[in-house]
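When reading the values below, keep in mind they use all heavy atoms of this one structure, side chains included, and skip hydrogens, waters and symmetry mates. To find a chain, count down the sequence lines: A is the first, B the second, and so on, and within it residues start at 1.
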Protein chains: 2
Amino acid sequence: MKTKNNNLITLEEFKEKNYGKRGTKQRDELEAGYENFKIGVLLHEARLEKGLTQEELASKTGTTKSYISKIENNIKEARISTLQKIVELGLGGKLELSIKL
Amino acid sequence: MKTKNNNLITLEEFKEKNYGKRGTKQRDELEAGYENFKIGVLLHEARLEKGLTQEELASKTGTTKSYISKIENNIKEARISTLQKIVELGLGGKLELSIKL
DNA sequence: AATATGGTTTCTCTAAAGGACAACAATTAT
DNA sequence: ATAATTGTTGTCCTTTAGAGAAACCATATT
């Protein structure tokens, strides 16, 4: 039996790693949804929920795990169309975008 | 008195022009929210609500009206960060993004 | 007819970013 | 210890965003 979620870090660990502990400015802004888009967190979260590795997600989408990693860590800003592809083909989900006035 | 909304085409006209009349495949997909993001429509709609011209929106954002036009017509795919800038600085709104699983 | 306004389209150009590949680090299992 | 799995990071090449300016079209106004 193939063990899943072996080395998958938790969302909390991920957030702390990238944005610091709760209580710090950056982290609070993230939780509140302010600041720049942290699409990486969204994607990371969604991937965890599906129990997929970066590699699995990548292969489903025709991209690479390194690229997935960079998106999740906000090192690269993926195109909307690319995000869409990843979310739909890779996660079977839907990317939603709206403008609040 | 400066007349506003002179030559602003309506959203319906805009959609019909770019995606065809209601009942056509492409247009129906648009209305249903499927297919690629029609972020252009969202932006166009938001701009109309604010009663701004492309030029006004452009100058507030430090970009050009030709660029705004291209985004609205899905000729260029704006970066998320750029969209954010336009929505926040230009329209005083907020760009929202989410992943639905 | 001419002028003004709003929008579309075409062109050129360059700095920036997308995205792939491979090597690397870190954790866990054997 | 070592091998396997997951994720990160450095390098590299190619594509494109986005600026800038211009011409063009449509509609409305004088």
Side-chain angles (χ1 to χ4, degrees), chain A residues 1-19 36-37 39-41 43-48 50-86 89-90, chain B residues 1-19 36-37 39-41 43-87 89-90:
Chain A
M1 170 190 170
K2 214 178 150 207
T3 50
K4 267 292 173 72
N5 280 30
N6 278 340
N7 304 339
L8 295 181
I9 68 176
T10 67
L11 183 58
E12 180 57 32
E13 290 168 335
F14 180 83
K15 285 181 180 175
E16 187 166 318
K17 174 169 171 292
N18 282 305
Y19 305 103
N36 288 337
F37 267 138
I39 183 64
V41 174
L43 182 60
H44 182 81
E45 194 169 12
R47 181 171 64 80
L48 285 190
K50 288 285 181 183
L52 295 174
T53 66
Q54 289 180 343
E55 190 153 36
E56 287 169 332
L57 181 55
S59 73
K60 281 187 171 189
T61 323
T63 181
T64 60
K65 60 176 182 169
S66 68
Y67 188 50
I68 300 287
S69 173
K70 283 173 190 166
I71 296 174
E72 290 189 2
N73 291 286
N74 294 299
I75 294 171
K76 296 267 183 176
E77 182 183 357
R79 291 214 182 89
I80 296 175
S81 54
T82 306
L83 275 178
Q84 205 177 210
K85 210 172 59 179
I86 293 173
L89 300 182
Chain B
M1 169 190 169
K2 215 178 151 207
T3 49
K4 271 288 173 76
N5 281 28
N6 277 341
N7 303 339
L8 295 182
I9 69 176
T10 67
L11 182 58
E12 180 58 32
E13 289 168 336
F14 180 81
K15 286 181 180 176
E16 186 166 320
K17 175 169 169 294
N18 282 305
Y19 307 101
N36 286 339
F37 266 137
I39 185 64
V41 174
L43 183 61
H44 183 82
E45 194 168 15
R47 182 171 63 79
L48 285 189
E49 264 180 54
K50 288 285 180 182
L52 295 174
T53 66
Q54 289 180 340
E55 192 152 34
E56 287 168 332
L57 181 56
S59 73
K60 281 188 172 190
T61 321
T63 182
T64 59
K65 64 173 183 171
S66 67
Y67 186 52
I68 299 289
S69 173
K70 283 172 198 165
I71 295 175
E72 290 189 2
N73 292 285
N74 294 297
I75 293 171
K76 295 256 185 180
E77 182 183 357
R79 290 207 188 94
I80 295 176
S81 54
T82 305
L83 276 178
Q84 207 176 208
K85 207 172 63 179
I86 293 174
V87 170
L89 299 182

Problem set entry | Rounded distance (Å) that lies between atom C1' of C:dA23 and atom CD of A:E55 | 14 Å

Exercise. Which nucleotide, C:dT8, D:dT8, D:dT9, lies nearest any side-chain atom of A:N73?
Worked result: D:dT8

Exercise. Does B:T63 make a side-chain N or O approach to OP1 or OP2 of D:dA19 shorter than 4.0 Å?
Worked result: yes

Exercise. With respect to the side chain of A:K65, which nucleotide from C:dT8, C:dA20, D:dT8 is positioned closest?
Worked result: D:dT8

Seminar exercise, completed: Given protein heavy atoms under 4.0 Å, the one-letter contact record of nucleotides 10-17 of chain C, with B base, S sugar-phosphate only and - none, is simply BB-----S

For this session: Identify, with sequence neighbours excluded, every residue that meets side-chain hydrogen bond (donor to acceptor under 3.5 Å, both in side chains) alongside A:S59.
Result: none

For this session: Determine, step by step, whether B:R47 and B:E72 satisfy the salt bridge (charged side-chain N to carboxylate O under 4.0 Å, His left out) criterion, reporting the C-alpha distance in whole Å, the side-chain angles of both residues, the deciding distance to 0.1 Å, and the verdict.
Result: CA-CA 10 Å; B:R47 182 171 63 79; B:E72 290 189 2; 2.6 Å; yes

For this session: Using side chain to side chain contact (heavy atoms under 4.5 Å, CB included) as the criterion, list what pairs up with A:L89, not counting sequence neighbours.
Result: A:K85

For this session: Report the distance from atom CD1 of B:I86 to atom P of D:dG18, rounded to the nearest whole Å.
Result: 8 Å

Seminar exercise, completed: Picking from C:dT8, C:dC21, D:dG18, the nucleotide nearest the side-chain atoms of B:Y67 would be D:dG18

Exercise. Can you list the residues that meet the side chain to side chain contact (heavy atoms under 4.5 Å, CB included) rule with A:S66, with sequence neighbours excluded?
Worked result: A:T64

Exercise. From B:I39 CD1 over to B:E77 CD, what is the distance, rounded to the nearest 0.5 angstrom?
Worked result: 10.0 Å

Exercise. Starting at the 5' end of DNA chain C, which residue's closest nucleotide do you reach first, A:I71 or B:I68?
Worked result: B:I68

